[in-house]
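Order of listing sets the numbers, starting from 1, for every ligand and every atom in it.
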Amino acid sequence: MSRQLIAAGNWKMNTNYSEGIALAEQISKHSTDPKGLVILAPPFTSLQGVNEVIKDNNHVKLAAQNCHVKEKGAYTGEISIDMLIAVGVEYVIIGHSERREHNKESNELLAKKVDLVLSKGLIPIFCCGESLEIREAGTHIDFVANQLKESLFHLSSSDFAKLVIAYEPIWAIGTGVTASPEQAQDMHQSIRKLLADQYDEAIANGTSILYGGSVKPANAKEIFSKADVDGGLVGGASLKAGDFGDIIDSF
Ligand code: PEP
């Protein structure tokens, strides 16, 4: 996928079926000519319904919040990539910090999930980001570099070129505390430099790198205006059609 502006909404474990459909309808209606791509990641139970709502809108795509690392089998309660494909999913969020924390997802496991998603022709939205402790220790750049190295740098250039990256400092997720536009830019620039060193300039300049962490209408414009920020992965503010619409309009 070539670099583009993206506003992705991660609904997490929020919205029941009818709430999800109503939200998708409002966002789709709003997104008739956005400056970037809009991606919605509803809970699994709403994927099919949301797909029905957005399938004729080329500007809005469907994402899953996770998938299992195995293709099928005795994994009670899990969702396979083929099940997601069957309901119209094109993107999969991989490595969200909440899954890293609550489900103990390691860089090694995430590398396998990325491989699976790519092998099926879907696009991973790969999340990375440091805790407050790491930020305060001043090792955040190295920490994020290591997440990318261990989960992504085994990929060929042609596979890497399909990915979307989301930098989400954990201390800014759901806390109301946003990284400053300069902090976001610093990290995004260093990720891009790392991609140039590992791959080449074309990969570095062609990869969409989203910022996530308390993005809201009041701060989206300034964050998105930074040279290396290609949009946002949005949690809380994506649950209100008006707020998410304003964020989409911030490009
Ligand atoms: C997220 O869940 O990816 C996120 C960034 O959440 P919030 O916007 O609520 O901080």
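Interface atoms of ligand 1 facing Gly174, defined by a heavy-atom separation under 4.0 Å, are 7 (P), 9 (O), 10 (O). Proximity to Gly236 (heavy-atom distance under 4.0 Å) selects the following atoms of ligand 1: 7 (P), 8 (O), 9 (O). In the vicinity of Ser214, heavy-atom distances shorter than 4.0 Å reach the ligand 1 atoms 7 (P), 8 (O), 10 (O).
For atom 1 (C) of ligand 1, the closest heavy atom belonging to the protein is His96 NE2, 3.3 Å. Looking from atom 4 (C) of ligand 1 to the surrounding protein, the closest heavy atom is Gly235 N, 3.6 Å.
Ligand 1 is approached by Gly213 to a heavy-atom distance shorter than 4.0 Å.
The aromatic rings of Phe153 and Tyr199 sit perpendicular, their planes meeting at an angle over 60°, well past the 30° parallel limit.
Of the heavy atoms in Ala172, only backbone atoms (N, CA, C, O) come closer than 4.0 Å to ligand 1. Contacts with ligand 1 closer than 4.0 Å are made by heavy atoms of both the backbone and the side chain of Ile173.
Between the side chains of His188 and Asp230, not a single donor N or O lies within less than 3.5 Å of an accepting N or O.
Between the choices Lys216, Glu98, Glu168, the shortest heavy-atom distance to atom 3 (O) of ligand 1 belongs to Glu168.
If you chain together hydrophobic residues whose side chains sit under 4.5 Å apart, Val215 and Leu239 fall into the same group.
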